[in-house]
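One structure below.
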Amino acid sequence: MANLRRRHQYCSRVRYLIPAISSISSVLLLLFIFLSFFAPSPVHNDLLHRSQHYFTRNYDVNEADEMPVFRVPINGGVYDRDIWSSKNAQFYNGCSNASSKFAKSEDVTQPNRYLAIATSGGLNQQRTGITDSVVAARILNATLVVPKLDKRSFWKDDSNFSDIFNVDWFISYLAEDVKIIKELPPKREQIWTPHNMRVPRKCNEGCYIKRLLPVLTKKHAVQLSKFDYRLSNRLKAELQKLRCRVNYHALKFTNPILEMGAKLVKRMRITSKRYIALHLRFEPDMLAFSGCYYGGGEEEKRELGKLRRRWKTLHNSNPDRGRRQGRCPLTPEEVGLMLRALGFGRDTHIYVASGEVYRGEESLAPLKALFPNFYSKETISRKEELEPFSAFSARMAALDFIVCDESDVFVTNNNGNMAKIIAGRRRYFGHKPSIRPNAKKLYKLFLNRDNMTWEEFASNVRTFQKGFMGEPKEIKPGKGEFHEYPTACICEDSKAKAKMSPGPQKLGTVSVPDKRNVDVVVKDQNMDNEREWSDPEYEDDTSNKQQEDSYNEASLDEELELDELLPD
């Protein structure tokens with residue numbers, strides 16, 4: 001009887017236990033499904049790991065002795081100079097006023113002689129064409145018709161000159177230099193179609209007079225097409241100063257662009273007293289054209305190779321040689337490491353002006369990990385504020401131009417049209433720091449950084465960047481591309497400089513944190529101060545006569561193809 005009672009009790013327990021186990025199992029199953037649904041993907045985990053890599057492994061200064069050799073510090077270090085300003089900049093100023101010997105336009109402009117210009121490329125490439133068109137009209141003693149903007153290139157922006165620039169200001173400011181009209185007058189009460197032609201790149205004053213003046217005298221109205229970089233770097237001083245008057249004074253954005261640009265700058269100033277502006281050129285099209293390779297395996301080669309086939313005239317590239325020669329843009333991560341080595345800490349605020357970045361957040365994650373205070377015009381403005389500009393790529397580029405120009409430090413990862421124009425403008429208006437990577441030498445450092453300490457890496461970066469920081473007199477007058485180095489328009493107050501000179505100083509001393517946050521002094525090693533120019537295309541390395549004789553129209557078409565198809 002007792003056995004039957006115990007068996008009954010056991011069966012009762014089992015009967016109640018089975019539903020309980022089933023309920024618990026169901027709950028656990030639902031919990032597992034829920035977690036699986038909301039858990040990040042392996043790709044996301046990889047990005048998260050990359051973005052946190054610097055903070056977990058490289059930045060922990062209290063870690064044990066087994067920490068990696070290459071450890072990026074959180075702080076940029078303490079320098080013996082202000083990294084936010086250019087040394088001796090106060091002794092240099094822009095000076096582009098015409099001398100008394102430069103005749104007024106009314107005295108030299110010939111009647112019935114009109115020059116029209118059709119620019120090429122994106123906003124900043126067109127800006128070079130507009131600037132040089134005024135000088136070309138002056139050389140030819142012709143009346144300039146307000147230039148036409150390119151509407152068929154990569155940008156596909158149908159904006160007119162007056163949509164981007166204040167056309168009335170442009171005409172009135174330059175009235176004493178060149179006569180400018182908005183439209184070509186009618187001929188015999190009919191629309192006057194000008195004779196269309198082209199001139200060589202880097203055509204000098206004699207070239208314009210020889211090639212163009214006879215045609216202009218006969219046809220009376222000539223339009224120069226694909227007009228960009230069609231004027232020599234080497235001109236008479238008065239013509240160079242005219243270039244500066246156009247670029248830095250006459251070309252003023254329209255009021256809507258200026259007002260929105262000012263809002264963006266103000267918002268950056270609210271976030272931080274000082275900020276860096278980074279013009280990040282890392283678009284898929286640009287990487288494809290450059291032929292550069294960034295370690296993405298067969299997938300990257302396939303993706304960029306498909307884009308590369310758009311340009312039928314491209315020769316086969318050698319990615320390794322391109323990187324060795326400094327012709328490949330730095331990756332976002334490499335830009336971040338360069339800036340940290342130059343002394344900018346994790347708390348630095350960065351405004352990024354860029355197009356579509358190749359592989360998006362995956363490429364940006366390391367830069368954001370190094371500099372989490374990361375902004376763009378889209379993140380510091382409301383959608384409705386950008387709406388009047390967002391359908392027009394040139395106007396959006398103009399907003400970036402303003403924020404970059406007003407920044408405390410301007411940085412580029414590749415020296416394109418916008419970088420050159422802004423760097424030249426910043427030199428003219430007080431030599432605000434403009435950092436261009438010495439890509440040829442930095443490439444070796446990035447390649448071997450795991451085999452050196454951070455202190456060695458940072459010291460080498462500072463050494464290699466001498467001459468690439470936007471300081472006064474970085475190159476000899478007349479060298480380099482004029483829009484980037486307007487040396488003819490910059491004057492030096494040598495007397496004031498001599499009075500303020502304190503004598504010889506040690507340069508490049510920096511304090512960097514060691515494992516225990518103790519400052520250790522590291523001095524730059526003067527390994528090699530040779531300046532490597534990564535863009536020799538714009539150097540006038542032949543005589544003007546050789547240049548004219550070697551002109552080939554077909555080769556010029558191929559030369560222009562990148563600038564016409566890619567944003568600047």
Side-chain angles (χ1 to χ4, degrees), residues 84 94 121-128 130-131 149 155 157 159-170 173 244-281 349-355 373-413 416-435 470 483-484 486 567-568:
W84 293 93
L123 174 66
N124 296 288
Q125 187 175 333
Q126 293 182 57
R127 191 182 184 112
T128 66
I130 295 167
T131 298
L149 302 189
W155 293 91
D157 188 325
S159 298
N160 294 315
F161 187 101
S162 58
D163 295 319
I164 308 294
F165 302 105
N166 186 327
V167 65
D168 293 325
W169 172 265
F170 178 75
Y173 190 90
C244 295
R245 290 197 293 279
V246 179
N247 202 358
Y248 307 133
H249 298 284
L251 279 177
K252 182 186 293 187
F253 291 123
T254 59
N255 287 336
I257 293 175
L258 289 176
E259 290 168 5
M260 188 62 208
K263 285 182 182 179
L264 297 176
V265 173
K266 183 178 180 180
R267 288 168 190 173
M268 285 303 300
R269 295 290 179 205
I270 291 173
T271 65
S272 178
K273 181 181 177 181
R274 299 179 294 197
Y275 71 92
I276 289 175
L278 167 61
H279 184 224
L280 185 62
R281 294 220 57 193
H349 289 235
I350 294 184
Y351 177 92
V352 178
S354 70
N373 297 307
F374 187 97
Y375 307 92
S376 68
K377 57 182 175 293
E378 289 80 9
T379 65
I380 59 174
S381 61
R382 297 186 299 274
K383 185 178 180 180
E384 55 268 26
E385 288 181 303
L386 288 179
E387 193 171 350
F389 310 94
S390 57
F392 306 95
S393 55
R395 298 178 211 187
M396 293 287 274
L399 297 179
D400 278 336
F401 186 101
I402 292 171
V403 184
C404 290
D405 185 40
E406 292 292 329
S407 66
D408 298 277
V409 174
F410 174 68
V411 185
T412 179
N413 72 321
N417 292 307
M418 179 170 168
K420 287 184 174 73
I421 292 290
I422 290 182
R425 182 179 175 87
R426 290 169 68 88
R427 286 184 170 93
Y428 183 84
F429 289 108
H431 278 89
K432 292 189 292 184
S434 298
I435 301 173
H483 294 287
E484 185 178 9
D568 56 355

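Predicted, not measured: the structure shown is a model, and the values here were computed from it. All values below were derived from every heavy atom in this structure, side-chain atoms included, with hydrogens, water molecules and symmetry-related copies excluded.
Within the 4.5 Å cutoff, the side chain of Arg127 has heavy atoms near those of the Phe401 side chain. Using a 4.5 Å heavy-atom cutoff, the side chains of Pro388 and Met260 are not in contact. At least one side-chain heavy atom of Ile402 sits under 4.5 Å from a side-chain heavy atom of Ile257. For the pair Ile130 and Leu149, the minimum side-chain heavy-atom distance is below 4.5 Å. The closest side-chain heavy-atom distance from Ser381 to Leu264 is below 4.5 Å. You'll find the side chain of Pro256 stays beyond 4.5 Å of the side chain of Arg395, heavy atoms only. At a threshold of 4.5 Å between non-hydrogen side-chain atoms, the residues Ile164 and Leu123 count as touching.
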- Task: Start with the C-alpha distance between Asp163 and Thr254, add both sets of side-chain angles, then the distance that settles side-chain contact (heavy atoms from CB on, under 4.5 Å), and finish with yes or no.
- Result: CA-CA 7 Å; Asp163 295 319; Thr254 59; 6.0 Å; no
Derivation of the side-chain contact (heavy atoms from CB on, under 4.5 Å) call for Thr131 and Thr128: CA-CA 5 Å; Thr131 298; Thr128 66; 5.7 Å; no
- Query: Under the ring-ring contact (aromatic ring centres under 6.0 Å, His included) criterion, do Phe161 and Phe170 qualify, and how do the steps go?
  - Reply: CA-CA 10 Å; Phe161 187 101; Phe170 178 75; 5.0 Å; yes
Inset, instruction - For the pair Tyr275 and Val265, evaluate side-chain contact (heavy atoms from CB on, under 4.5 Å) and give the outcome as yes or no after the intermediate values. - result: CA-CA 10 Å; Tyr275 71 92; Val265 173; 4.1 Å; yes
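Lys432 places a side-chain N or O within 3.5 Å of a backbone atom of Asp405 that can act as its donor or acceptor partner. Arg274 places no side-chain N or O within donor-acceptor distance of the main-chain N or O of Asp408, the cut-off being under 3.5 Å. Judged by distance alone, with hydrogens and angles left aside, the side-chain atoms of Asp157 form a donor-acceptor pair with the main-chain N or O of Ala394 at under 3.5 Å. In this structure, the side chain of Arg427 engages the main chain of Glu484 through a donor-acceptor pair within 3.5 Å. Checked by atom type and distance alone, the side chain of Asn417 never pairs as donor or acceptor with a backbone atom of Asn124 at under 3.5 Å.
Sparse packing is recorded around CH2 of Trp169, with 12 or fewer heavy atoms of other residues, nucleotides or ligands lying under 6.0 Å away.
Comment: Asp168 does not engage Lys252 in a salt bridge, judged by the lack of any side-chain N to carboxylate O separation of less than 4.0 angstrom.
In this structure, CD1 on Ile435 lies 10.0 Å from CG on Leu278, to the nearest 0.5 angstrom. Rounding to the nearest 0.5 Å places CD of Glu384 at 8.0 Å from CD of Glu387. Taking CG of Leu258 as the reference point, atom CG of Asn166 lies at 8.5 Å (rounded to 0.5 Å). Note that CG of Asp400 is 3.5 Å distant from NZ of Lys377, once rounded to the nearest 0.5 Å. With rounding to the nearest 0.5 angstrom, the CD atom of Gln125 is 11.0 Å from the NE2 atom of His483. In this structure, CG in Leu386 is found 10.0 Å from NZ in Lys263, a value given to the nearest 0.5 Å.
Between Leu399 and Gly261 the shortest heavy-atom distance is CD2-N, 3.7 Å. Between Phe389 and Met396, the closest heavy-atom pair is O-CG, 3.3 Å. The minimum heavy-atom distance between Pro486 and Gly424, with the atom names listed, is CG-O, 3.7 Å.
Note: Tyr173 and His249 have parallel aromatic rings, judged against thresholds of 30 and 60 degrees for the angle between ring planes. Ring geometry for Phe410 against His279 counts as parallel: the plane angle stays under 30°, on a 0 to 90° scale with 60° as the upper cut. Taking the six-membered ring where tryptophan is involved, the planes of Phe165 and Phe253 are essentially parallel, since the angle between them stays under 30° and well short of 60°.
Checked by atom type, the side-chain pair Ser162/Asn160 shows no donor-acceptor distance below 3.5 Å. Defined by atom type and a distance below 3.5 Å, a donor-acceptor pair is present between the side-chain atoms of Arg426 and Ser407. Using modelled atom types, one finds no donor on one side chain facing an acceptor on the other under 3.5 Å when comparing Asn247 with Arg425.
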